[in-house]
Amino acid sequence: MARQRATQTMKPATAAKKLGVHLDATPPEFREGVVTRDELDALQADPPAWLRDLRRDGPHPRPVVADRLGVSISGLARAEITEPLTTAQITALKEEQPEWLRRERDLRAEVQREEARLRAERSGGGTR
């Protein structure tokens, strides 16, 4: 006899993180319940209007803000950006190019170059 599989559920905060949206901006029915794996898959496959709007306009959680600005999450913290930002605010920062943003982008690029060098070295592709 086949065993029935238990339905896998997650907290709304986990689901919001997996969807790349800020939990506080989601509808109350999303925040107040639990989300099954099937529901999460359905939201990812065919996002409802509220999810499409959040992904497009924000407010965005820190990982999304950092990615869109091309900096690390630590870089956001160093710049004292702790609140979620909207797409319009992110665009304004990109256009403004404040000193902290230039510095953090340079730092991230340097870290990525070093990580690539170390990966190449470990895989035997490095030069001596």
Worksheet item: Which atom pair, heavy atoms only, marks the closest approach of Ser123 to Ala120?
Response: OG-O, 3.1 Å
Worksheet entry | CD/Glu80: more than 12 non-hydrogen atoms of other groups inside 6.0 Å | no
Worksheet item: What distance separates Trp100 CH2 from Leu107 CG, expressed to the nearest 0.5 Å?
Response: 12.5 Å
Practice prompt. For Gln97 and Arg105, work out which heavy atoms get closest and say how close.
Written response: NE2-NH1, 2.9 Å
Worksheet, complete the sentence: For Leu19 and Gln44 the tightest heavy-atom approach is CD2-CG, 3.6 Å
Item to complete: Taking all heavy atoms of Leu43 and all of Pro48, pick out the closest pair and write down the distance.
Response: CD2-CD, 3.5 Å
Discussion item. Grouping I, L, V, M, F, W and Y whenever their side-chain heavy atoms are under 4.5 Å apart, do Val21 and Leu85 come out in a common cluster?
Written reply: no
Discussion item. With a 4.5 Å cut-off on side-chain heavy atoms, are Met10 and Arg37 touching?
Written reply: yes
Discussion item. Determine whether Leu93 and Ile81 satisfy the following criterion, side chain to side chain contact (heavy atoms under 4.5 Å, CB included), listing intermediate values before the conclusion.
Written reply: CA-CA 12 Å; Leu93 279 170; Ile81 295 181; 4.2 Å; yes
Item to complete: Check Gly33 against Pro12 and note the closest heavy-atom contact, atom names and distance.
Response: O-CG, 2.8 Å
Fill in: Arg62 atom CZ, over 12 foreign heavy atoms within 6.0 Å
no
Worksheet item: If Ile, Leu, Val, Met, Phe, Trp and Tyr residues are connected whenever their side-chain heavy atoms lie under 4.5 Å apart, and connections chain through other members, are Val64 and Leu69 in the same group?
Response: no
Discussion item. If hydrophobic clusters are built by linking Ile, Leu, Val, Met, Phe, Trp and Tyr wherever their side-chain heavy atoms come under 4.5 Å apart, do Leu76 and Leu23 end up in the same one?
Written reply: no
Practice prompt. List the steps and the verdict of salt bridge (Lys or Arg N to Asp or Glu O under 4.0 Å) for Arg56 and Asp53.
Written response: CA-CA 5 Å; Arg56 183 185 61 239; Asp53 292 345; 2.9 Å; yes
Response to the item:
Interatomic distance, CZ@Arg31 vs CG@Asp24, rounded to 0.5 Å, equals 6.5 Å
Item to complete: Return yes if a side-chain donor-acceptor contact under 3.5 Å exists between Thr87 and His60, otherwise no.
Response: yes
Item to complete: Identify which one of Glu115, Arg113, Glu121, Arg119 satisfies the side chain to side chain contact (heavy atoms under 4.5 Å, CB included) criterion when paired with Arg117.
Response: Glu121
Worksheet item: Considering the options Thr36, Leu40, Asp38, which one meets the side chain to side chain contact (heavy atoms under 4.5 Å, CB included) requirement together with Thr9?
Response: Thr36
Practice prompt. Mind listing the closest non-hydrogen atom pair of Arg78 and Ser72 along with its distance?
Written response: NH2-OG, 3.9 Å
Discussion item. In the structure I gave you, are the side-chain heavy atoms of Pro47 and Arg55 within less than 4.5 Å of one another anywhere?
Written reply: yes
Item to complete: Return yes if some donor-acceptor pair links the side-chain N/O of Gln89 with the main-chain N/O of Thr86 below 3.5 Å, else return no.
Response: yes
